[in-house]
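Notes for the one structure printed next.
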Amino acid sequence: MKKAKNIITLLVLVSLVLVGCTSGASGDTIKIGSKDFTESLIVSEIYALALEENGYSVERVPSIASSVIPQAIENAEIDLYPEYTGTALLSIFNLPMDTDPDSVAETIRTAYEEGGELTTLEYAPANDSQGIAITTAASEEYGIETISDLQANAENIRFASQGEFEEREDGLEGLEGVYGEFNFESITVYDNSLKYQVLSSDEADATPAYTTEGQLSNTDLYKVLEDDQNFWPPYNLVPVVRQEVLDANPDIETIINDINATLDTQTVVDLNASVDIDGRDYMEVAEEYYNSIQ
């Protein structure tokens, strides 16, 4: 009987050792960073929860300025963070414009890996691109579903700008080069923070927007127009990770890729809305979402 108990004890110890070897194998703490806005905070927290669930020790490094975070991961101040494919392409590496999501993802992975220190994982379907939001009422009245439709009906549309949009190459000037001239009924400049208030109070019909803004969860009031001529590059969420961390902990790739596969644009809009519109804590929202996909 005593011998049987010893065998059972030995088997339990072996099982514990095996678990320790397969989860958080290096024993290091994974430092997960985020940029200083709601979406990045939520997504990085979901990553952190997934790694902790799989046995990793995680240190959260939140709210790093967008201009600083590329240097933070290069300097090993963080090990992993959610970036955007378009940001990496155009702002970090200053590479030529490309509007194909797969091509952009491959281009930036190659650019990150050139130094041998960084790489990317699979990008998420969620696309936080530039776009144009229109009131649902105006969309239905004039049959406007795409930016081509907007151009064709521009004389009926009061456009709420944020000042520089008309002159930027990635703004109205660039759009007109692809879609043709937009002869809006009027163009009025408002502070960016007021744009949805302006639309909801019927002071304007359309405005520049980012396609995962929380206010866009209210489809009774707003909708994002389809960029049917693919003017804007994709801004898919893409994890950037230190290569040495990934080499020491290869299962991180599967863990984070599985999370990213669940994050489409509407999901991220709704997560942002929970924080920015409903006033909930981003960590609570992230945990609720993570539990919902288990």
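Note that the coordinates shown come from a computational prediction; the quantities given were computed from them, not determined experimentally.
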What are the two closest heavy atoms between Asn230 and Thr99, and how far apart are they? O-CG2, 3.1 Å
Going through the checks in order, is the side chain to side chain contact (heavy atoms under 4.5 Å, CB included) test met by Leu41 and Ser63? CA-CA 7 Å; Leu41 288 163; Ser63 298; 3.7 Å; yes
Nearest heavy-atom pair of Gly33 and Ser44: which atoms, and what distance? O-CB, 3.4 Å
Can you check side chain to side chain donor-acceptor pair (under 3.5 Å) on Arg158 and Ser186, steps first, answer last? CA-CA 5 Å; Arg158 299 162 297 167; Ser186 63; 5.8 Å; no
So, Arg60 and Glu52, do they make that salt bridge, N to O below 4.0 Å? yes
Once rounded to the nearest 0.5 Å, what's the spacing between atom OG1 of Thr135 and atom NZ of Lys223? 10.5 Å
Measure across Glu181 and Gln151 and return the closest heavy-atom pair with its distance rounded to 0.1 Å. O-NE2, 2.8 Å
Verify side chain to side chain contact (heavy atoms under 4.5 Å, CB included) between Ile92 and Glu83, making sure each step is shown before the conclusion. CA-CA 10 Å; Ile92 296 177; Glu83 186 50 88; 3.6 Å; yes
dist Ile293:CD1 -> Ile259:CD1 (nearest 0.5 Å) comes out at 4.0 Å
Are more than 12 heavy atoms, taken from residues, nucleotides or ligands other than Tyr210, located less than 6.0 Å from that residue's OH atom? no
Within the 6.0 Å centroid threshold, strictly below: Phe182 and Phe159: no
Worked check of side chain to side chain contact (heavy atoms under 4.5 Å, CB included) between Val241 and Leu121: CA-CA 8 Å; Val241 61; Leu121 305 181; 4.1 Å; yes
Which heavy atom of Ala72 sits nearest a heavy atom of Ile64, and at what distance? CB-CD1, 4.5 Å
From Ile32 CD1 over to Asp79 CG, what is the distance, rounded to the nearest 0.5 angstrom? 8.5 Å
Side chains of Asn272 and Glu39: any donor to acceptor distance under 3.5 Å? yes
Looking only at atom types and distance, does a side-chain atom of Tyr282 sit under 3.5 Å from a main-chain N or O of Val275, one as donor and one as acceptor? no
Shortest non-hydrogen separation from Ile256 to Pro239 and the atoms involved: CG2-CG, 3.7 Å
Asp251 and Thr254: side chain donor to acceptor below 3.5 Å: no
Can a side-chain donor-acceptor contact be found between Asp191 and Ser193 if the only test is distance below 3.5 angstrom? yes
Tyr142 and Asp149: side-chain donor and acceptor closer than 3.5 Å? no
Ignoring hydrogens and angles, tell me if any N or O in the side chain of Ser40 forms a donor-acceptor pair with the backbone of Ser34 under 3.5 Å. no
Work out which heavy atom in Ile78 is nearest to a heavy atom in Ile69; give both atom names and the distance. CD1-CG1, 3.8 Å
Classify the side-chain pair Thr29/Ser57 by whether it contains a donor and acceptor separated by less than 3.5 Å. yes
Test item: side-chain donor near acceptor, Thr207 and Gln162, under 3.5 Å: yes
So, taking the atom named CG in Leu89 and the one named CG in Asp98, what distance separates them when rounded to the nearest 0.5 Å? 6.5 Å
Parallel, tilted or perpendicular: which describes the rings of Tyr196 and Tyr222, with under 30° parallel and over 60° perpendicular? perpendicular
Member of Val269, Leu263, Val268 meeting the side-chain contact (heavy atoms from CB on, under 4.5 Å) criterion with Gln266: Val269
Look at the rings of Phe93 and Tyr112 and say which category their plane angle falls in: under 30° parallel, 30 to 60° tilted, over 60° perpendicular. perpendicular
Pairing of Glu77 and Arg242 as salt bridge, 4.0 angstrom limit: no
Please round to the nearest 0.5 Å and tell me the distance separating atom OH of Tyr235 and atom OG1 of Thr87. 5.5 Å
